[in-house]
Amino acid sequence: EVVLTQSPGTLSLSPGERATLSCRASQSVSSSHLAWYQQKPGQAPRLLVYGAFSLAAGIPDRFSGSGSGTDFTLIVTRLEPEDFAVYYCQLYGTSPPYIFGQGTKLEI
Amino acid sequence: QVQLQQWGAGLLKASETLSLTCAVHGGSFSGDYWSWIRQSPEKGLEWIGEINHSGNTNYNNYNPSLKSRVTISIDASKKQFSLKLRSVTAADTAVYYCARAPLMYFFALDIWGQGTVVTVSS
């Protein structure tokens with residue numbers, strides 16, 4: 001079973017800065033099946049990126065995804081106050097179970 | 001715009017059966033996958049399983065770690081899908097979410113229910 005490891009565990013930045021979040025798979029995976037989610041306290045996760053680099057509807061273009069093989073990245077340029085949350089990567093759509101990473105907390 | 005509304009019992013005793021239902025409001029029901037996910041401080045986000053309804057056929061996938069205790073079913077006439085988890089223990093205490101996994105997003109989870117807190121007491 002593939003394991004997704006996210007780093008760092010916590011990222012402390014300020015509004016206006018750039019955030020770089022990493023998701024590493026224990027073996028090569030299809031980029032078509034890598035997603036990123038944002039979760040705020042008391043809310044369900046929100047889909048940001050699917051297929052490693054495609055933005056979901058309504059997601060601002062300061063979010064971008066990239067990567068292939070075992071290494072994937074979510075970048076948030078020009079952080080807004082509402083971007084401070086927990087971010088998860090997920091592998092889905094291939095052989096179940098569709099696993100999640102452990103999350104990166106983006107804090108002010 | 002598709003919305004998911006979920007409900008079910010939030011407090012269970014060990015060995016009972018967890019039962020949750022998710023109603024799909026708006027949009028099409030066929031073709032997409034409909035999933036259950038849970039979240040706990042101990043395990044983080046954990047995918048439970050999914051169901052796809054196409055024509056008169058249902059397709060299921062389950063997390064192998066839960067497969068022996070889980071059943072996900074669908075009532076297409078009501079646009080609802082349900083989760084049953086048998087023989088619960090304290091380890092099943094979590095927030096449970098239903099979600100849609102549409103083909104347009106390569107089956108990533110784009111619409112989520114509001115979540116149901118389930119607590120299992122011993």
Side-chain angles (χ1 to χ4, degrees), chain A residues 1-7 9-10 21 23 25 29-59 63 65 67-68 72 74 85-105, chain B residues 1-6 20 22 26-27 31-52 59-70 72 94-118:
Chain A
E1 181 178 310
V2 178
V3 176
L4 296 179
T5 302
Q6 293 186 239
S7 60
T10 302
L21 288 68
C23 176
V29 299
S30 168
S31 59
S32 297
H33 302 291
L34 196 288
W36 288 93
Y37 300 85
Q38 176 194 70
Q39 188 178 32
K40 296 180 180 179
Q43 297 183 15
R46 173 193 181 196
L47 178 64
L48 300 175
V49 171
Y50 66 99
F53 55 83
S54 299
L55 292 183
I59 302 303
F63 290 91
S68 64
F72 298 88
L74 177 71
V86 181
Y87 292 82
Y88 296 95
C89 58
Q90 185 208 12
L91 184 63
Y92 61 93
T94 53
S95 300
Y98 306 146
I99 56 171
F100 292 86
Q102 83 280 14
T104 290
K105 181 179 182 180
Chain B
Q1 182 175 349
V2 176
Q3 292 185 322
L4 303 181
Q5 180 184 17
Q6 58 182 102
L20 298 174
C22 186
D32 296 330
Y33 278 82
W34 303 94
S35 304
W36 289 96
I37 303 97
R38 68 183 183 180
Q39 184 173 30
S40 65
E42 295 77 21
K43 294 185 179 180
L45 286 164
E46 183 178 27
W47 178 83
I48 299 170
E50 64 184 359
I51 190 166
N52 171 274
Y59 302 92
N60 284 95
N61 286 311
Y62 295 121
N63 190 322
S65 68
L66 299 168
K67 187 174 183 177
S68 64
R69 297 193 291 131
V70 172
I72 296 176
V95 179
Y96 286 74
Y97 294 101
C98 59
R100 183 182 78 163
L103 174 60
M104 63 181 286
Y105 286 138
F106 303 165
F107 305 112
L109 301 162
D110 74 325
I111 306 292
W112 294 63
Q114 77 275 20
T116 300
V117 177
V118 175

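Note that the structure is predicted; figures quoted are calculated from it, not measured. Below, chain A is the first sequence line, B the second, and so on; all start at residue 1.
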- [ ] Could you pull out the closest heavy-atom pair between Tyr105(B) and Ala57(A), with the gap in Å?
- [x]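 Closest approach of Tyr105(B) to Ala57(A), heavy atoms only: OH-N, 3.0 Å.
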TODO: Any chance you could measure Ser54(A), atom OG, to Phe106(B), atom CZ, to the nearest 0.5 Å?
DONE: 6.0 Å
Task: Side chain Tyr37(A), main chain Leu109(B), donor-acceptor under 3.5 Å - done: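 A pair under 3.5 Å: yes.
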Task: Between Glu50(B), Glu46(B), Met104(B), the one whose heavy-atom pairs under 4.5 Å with chain A are most numerous - done: Glu50(B)
Open item on the list: Which one wins on heavy-atom pair count under 4.5 Å against chain A: Val95(B), Asn61(B), Ile111(B)?
Closed with: Asn61(B)
Open item on the list: Looking at chain B, which one of Gly42(A), Ala35(A), Pro45(A) has the largest number of heavy-atom pairs inside 4.5 Å, strictly under?
Closed with: Pro45(A)
Task: Heavy-atom contact with chain B under 4.5 Å, split by part of Gln90(A) - done: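 Side chain of Gln90(A) only, per the 4.5 Å heavy-atom cut-off to chain B.
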- [ ] Just say parallel, tilted or perpendicular for the rings of Trp47(B) and Tyr98(A), cut-offs at 30° and 60°.
- [x] tilted
Is there a side-chain contact between [X] and [Y] in this structure, where contact means two heavy atoms from C-beta onward sitting under 4.5 Å apart?
| X | Y | value |
| --- | --- | --- |
| Pro64(B) | Pro97(A) | yes |
| Tyr50(A) | Asp110(B) | no |
| Tyr88(A) | Gln39(B) | yes |

TODO: Check each atom of Ile37(B) against the heavy atoms of chain A and say whether the ones under 4.5 Å are side chain, backbone, both or neither.
DONE: side chain
Open item on the list: Given heavy-atom pairs under 4.5 angstrom as the criterion, report whether the side chain, backbone, both or neither of Tyr97(B) touches chain A.
Closed with: side chain
TODO: Verify whether one side chain among Gln43(A) and Gln114(B) offers a donor that lies under 3.5 Å from an acceptor in the other.
DONE: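 Side chains of Gln43(A) and Gln114(B): no pair found under 3.5 Å.
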